[in-house]
Number of protein chains: 2
Amino acid sequence: MRQGEKSVGMFFLTSGRLRMQRVTPDGGMVTLHVVRPGETFAEASLFADSYQCDIIAESDAAVWLYPKVDLTRRLRENPDSLWELTSGLARSLHGMRLRYELKQIRSAPERVLQYLRLRDDGTGVYHASGTLKEMATELGLTHEALYRALATLERQKRIRRNGGDLQIMSNRRNDPFQTPDSAD
Amino acid sequence: MRQGEKSVGMFFLTSGRLRMQRVTPDGGMVTLHVVRPGETFAEASLFADSYQCDIIAESDAAVWLYPKVDLTRRLRENPDSLWELTSGLARSLHGMRLRYELKQIRSAPERVLQYLRLRDDGTGVYHASGTLKEMATELGLTHEALYRALATLERQKRIRRNGGDLQIMSNRRNDPFQTPDSAD
DNA sequence: CGTCACATTGATGCCTCTCAAAGCTTGTGG
DNA sequence: CCACAAGCTTTGAGAGGCATCAATGTGACG
């Protein structure tokens, strides 16, 4: 899909990887977003007439297309479906903010720990879905850095490892009544 | 606002800075998002009954509140307003993705250059709104790093500086004339 | 049993952060 | 108009940490 083309609709990526990029006025190339499986993209095409970026498949990829006219009509006619789209966007936005904030953390061990905390469902155990290498790219680290970070955290007894499972060691002292404090 | 409280609605920050954070099951603290002026936040409150995070004001701050019940009713009754909300979310999501991708760039000079390219309206000139220090925080760099990056880029003749203005030097082949509108 | 991908650890270098100091700009008050 | 203060800008020196390159270990699968 090319910059300036008429927008045909919204997409959902089922497999592969896409790169959304833009050619800037000075001739440079800017990557706007890397799409990963399970993501919808080009939502803005519903509100604009043309795409403002190129989309390149970095590997064989499969997508669902929601044709603009159909989707628009459906959304207009059926408020519930629009409500659902909105809720999905809000969720995506929230997820994006989480990832952004995670990336603000420079220290690899800290970043990994926060990542695990975000996924903590209360059990404190995180079963790595997929390989650690994938987790590394998700975290924006090289796999070596991730391995070292995990080793460091384990050495500091802040996590425990068991095969593919990662368990956060509670840093809550024996006082179950802990007041969150704001100071920074 | 505290974790688990009943959600009262969506907000818009007019001034100040807020930090959204969550206490994780193990007692740790995770920053989910830092809200800056001009941003809406807690959009998810429209779809959930309670907040899943604390919101702390890091300075005196002023917000608009869109009460949940009012807003929900209005959105239900008036599809156009819902459509507008949706479009705003899509825009926010896009902006977030841009910032995320920018942060993927480790090299300070490269990141600065991409930042300028993103704001290039065709003229190639970017007038720094506010101070360079602000631009630095927006870029996720220390101000020293930004100054050095700018100096480096200027030394490499990739940008030109003129007071508060920054101009991207075209990296298209040797155009003696800078044609803002270059067609290939 | 060989191959391939993941996992792990070591050594090195570069780059950004940090701390520090000096120049520069702006506004305020005497 | 000048003096002073406060904040932005710029450059320097040093340190720490992640990326990179490299080598070895480990597990799955044919």
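What you see is a predicted model; the values in this text were computed from it and never measured. So that the names make sense, note that chain A is the first sequence line, chain B the second, and so on, each numbered from 1.
dG16(D) atom P lies 17 Å from atom CD of E110(A), rounded to whole Å. When the P atom of dT10(D) is taken as reference, atom CG of L146(B) falls 9 Å away, rounded to whole Å. Rounded to an integer number of Å, the gap from CD of E154(A) to C1' of dA7(C) is 14 Å. Atom P of nucleotide dA7(C) and atom CG of L166(A) are separated by 11 Å, given to the nearest angstrom. Here the P atom of nucleotide dG7(D) and the OH atom of Y147(B) are 14 Å apart, to the nearest Å. Between the CG atom of L150(A) and the C1' atom of dT9(C) there is a distance of 14 Å, given to the nearest Å. Between Q104(B) atom CD and dA19(D) atom C1' there is a gap of 14 Å when expressed in whole angstrom units. Rounded to a whole Å, the CZ atom of R161(B) is 9 Å from the C1' atom of dT9(D).
No side-chain heavy atom of L32(B) sits under 4.5 Å from any side-chain heavy atom of E101(A).
Contact between the side-chain N/O atoms of T142(B) and the OP1/OP2 oxygens of dC17(C) is found at a separation under 4.0 Å. For the OP1/OP2 pair of dC17(C) and a distance below 4.0 Å, the side-chain nitrogens and oxygens of R106(A) include at least one atom meeting the criterion.
Counting atom types as modelled, E134(B) pairs no side-chain N or O with a base atom of dC8(D) as donor and acceptor under 3.5 Å. With hydrogens and angles left out, the side chain of R148(B) and the base of dG12(D) share a donor-acceptor pair within 3.5 Å.
Of the listed nucleotides (dC18(D), dT20(D), dA7(C)), dT20(D) has the atom at the smallest distance from the side chain of E144(A). Set against dC8(D), dA19(D), dC17(C), the side chain of L141(A) has dA19(D) as its closest nucleotide.
Using a 4.0 Å cut-off between charged nitrogen and carboxylate oxygen, D120(A) and R117(A) do not count as a salt-bridge pair. The pair R36(A)-E58(A) does not meet the salt-bridge criterion, since no charged nitrogen lies less than 4.0 angstrom from a carboxylate oxygen.
Paired with F11(B) under the rule ring pair (Phe, Tyr, Trp, His ring centres under 6.0 Å), one option of Y66(B), F41(B), W64(B) passes, and it is F41(B). Applying the side-chain contact (heavy atoms from CB on, under 4.5 Å) test between L166(A) and each of L153(A), L150(A), L113(A), V112(A) identifies L150(A) as the sole match.
In this structure, R2(A) fails the cation-pi test against Y51(A), since its NZ or CZ atom is not both closer than 6.0 Å to the six-membered ring centre and inside 45 degrees of the ring normal.
Note on the helix from dC1(C)-dG30(D) to dG30(C)-dC1(D): terminal axis deviation equals 30°, with five pairs used at each end and the result rounded to 10°.
Looking at H33(B) and E39(B), their side chains do bring a donor and an acceptor atom within 3.5 Å of each other.
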